[in-house]
Every structure is written in structure tokens, then in C-alpha cells.
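Everything on this sheet refers to the single structure shown next.
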Amino acid sequence: MDTRAMTELLQRVSQGDRAAWAQFYETFKREVIAVCVAILHNEHEALDAAEETFLKVFSRCAELNPNGNARSWLLKIAANVCKDRLRRERSRLAWLRRWKGAQGRNPVEAQVQQDFQCEAVQRALNQLDEKYRRALVLRFYAGLDYAQIAQVLSDLEGEPITETTVGTRINRAKAQMRAMLEEML
Amino acid sequence: MSEHDDLERMLLKVSERRIEALERELDRKLSRLWRVHADLSPDLTPRPLP
């Protein structure tokens, strides 16, 4: 979608146009889900966070600046929703539940018929260091470029993350995954 | 990305399957809410959540 079409869409969204809202949702849902998966590392919680994000955006769409960067605005809201969830979770020592969730069943498992190779990739991904896994998921699940990933990670980590750092993390993540997959496959 | 190595191709394959399943799940979750909201606010006037 080009800039002009996006501006027009955002204007209609900010005015509460239902069809525009549906188009907005379709345009960005994948990125929002992937950002939530990257941050929370649990698909069940990521779905809840994505739902909460869109509900928040929906209730605040009048604040949307049609000439602004909708993707940044939206992904920042998603990241903040996830950060709040992590904060609440840590305060309840719910990491145990999250760990169990990451290891076991989740809401989409039954729908995804994984072959052995895909299962190995998923297992290796689960074992990566958090900062490497997040960068990799944002790149390959969300399809974000390095600048967009740097922005999401900067917001999340509270300090500037450069595109070079993103590239380094992705390369290290891939190197770690290759080593793990060599043992698994 | 124009060229992908084997690992990237596998990552894309895995992510595609999982994200598509998650998208369907999110559609399902939100469609319920949209229906309720449409009943309450047919003109889709933005309003704060309770």
C-alpha cells in the first residue's frame, strides 16, 4: 500500500469507518501477532496480547494521525501491551506457567501439522537466547526490516538499538540455530 | 531478501504455518467482539473501553 492510500485509509479509520477498520486490521494483524510472539515467547499469551492491542487501538483510533507512521504507532502499542503483561507476570512469578506453555500445548498446535524438520526448527528457536530469538522472530515471522526491528527492540529494551546490532543478533541467532539443527537433524 | 539460505527457508516455512494459524485464531477471537460491538454501536463511533 503506498503512502497516499495509507493516509486515506488512516483518515477513514480515525473517523470510525468500519470497512477501513477491517482493512487496517488485515494490513497489520500479522505484524502485531509476530511482535507479540517475539516478545512473549508464548503463542497463547501472544494471541491475548494481539487481541488487547487491537481493542486498545480500536478505542483510540480517533488519536491516530493520518500523516504519521501507523506501523510504528501500532507496534509500539503492541510492545507496551506485551511489556505490561511481562511485568505483571514477573510480579506473580508466572514464568513457570509461561515456560510450561512454551514447551507444551498451545492454541494453534493442533492446526499446524509439522514435519520433523519444522519441529526441529521450532525447538531450536525455543532454545535461543531471548535477545537473539526476538530479533529472528521479528525478521522472519513479522517480515520487519532492520530499521523496524531496531525501533521495536529499542522501545522494548529502553535503550537505543542500532540496525547494526539487529544484524549482529540475527547472524548470531542463525549461527546458534545451525549448530543446534546439526545435532537434531 | 532476495536469496535465502536453507535455514532462512526453513524459518520462513515454519513461521508461515504458525502465523497463519495464529491469524485465524485472532480473527475468530476478534470477530466475536466485533459482532457484540456492532450491536452496541452500529456506526462504529470510537469510544473508550469500559
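Convention: sequence-line order gives letters A, B, ...; per-chain numbering from 1.
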Sidechain N-carboxylate O distance under 4.0 Å for Asp6(B), Arg178(A)
no
For residues Phe140(A) and Glu8(B), report the shortest heavy-atom separation together with the two atoms involved.
CZ-CG, 3.5 Å
Closest heavy-atom pair and its distance - Glu51(A), Leu26(B):
N-CD1, 3.7 Å
Side-chain heavy atoms under 4.5 angstrom apart, residues restricted to Ile, Leu, Val, Met, Phe, Trp, Tyr: same cluster for Tyr132(A) and Leu86(A)?
no
Taking it one step at a time, do Lys29(B) and Asp48(A) satisfy side chain to side chain contact (heavy atoms under 4.5 Å, CB included)?
CA-CA 9 Å; Lys29(B) 281 164 82 84; Asp48(A) 286 348; 2.8 Å; yes
Which heavy atom in Met177(A) sits nearest to a heavy atom in Leu7(B), and how many Å separate them?
CB-CD2, 4.1 Å
Locate the shortest heavy-atom distance separating Gln122(A) from Val14(B); write the atom from each residue and the value.
OE1-CG1, 3.3 Å
Using the rule given for side chain to side chain contact (heavy atoms under 4.5 Å, CB included), can you reason through Leu30(B) versus Lys29(A), listing the C-alpha separation, both sets of side-chain angles and the distance that settles it, and then say yes or no?
CA-CA 11 Å; Leu30(B) 284 174; Lys29(A) 68 179 176 183; over 6 Å; no
Rounded to the nearest 0.5 Å, how far apart are CD of Glu23(B) and CG of Leu47(A)?
10.5 Å
Go through the steps for Asp5(B) and Lys174(A) under the test side chain to side chain contact (heavy atoms under 4.5 Å, CB included), then give the verdict.
CA-CA 11 Å; Asp5(B) 58 31; Lys174(A) 284 161 66 178; 4.0 Å; yes
Locate the shortest heavy-atom distance separating Arg18(B) from Tyr141(A); write the atom from each residue and the value.
CD-OH, 3.5 Å
So, Glu16(B) and Arg30(A), do they make that salt bridge, N to O below 4.0 Å?
yes
Name the region of Lys13(B), side chain, backbone, both or neither, that has any atom closer than 4.5 Å to a heavy atom of chain A.
side chain
Need one label for Val37(A): side chain, backbone, both or neither, based on atoms under 4.5 Å from any heavy atom in chain B.
side chain
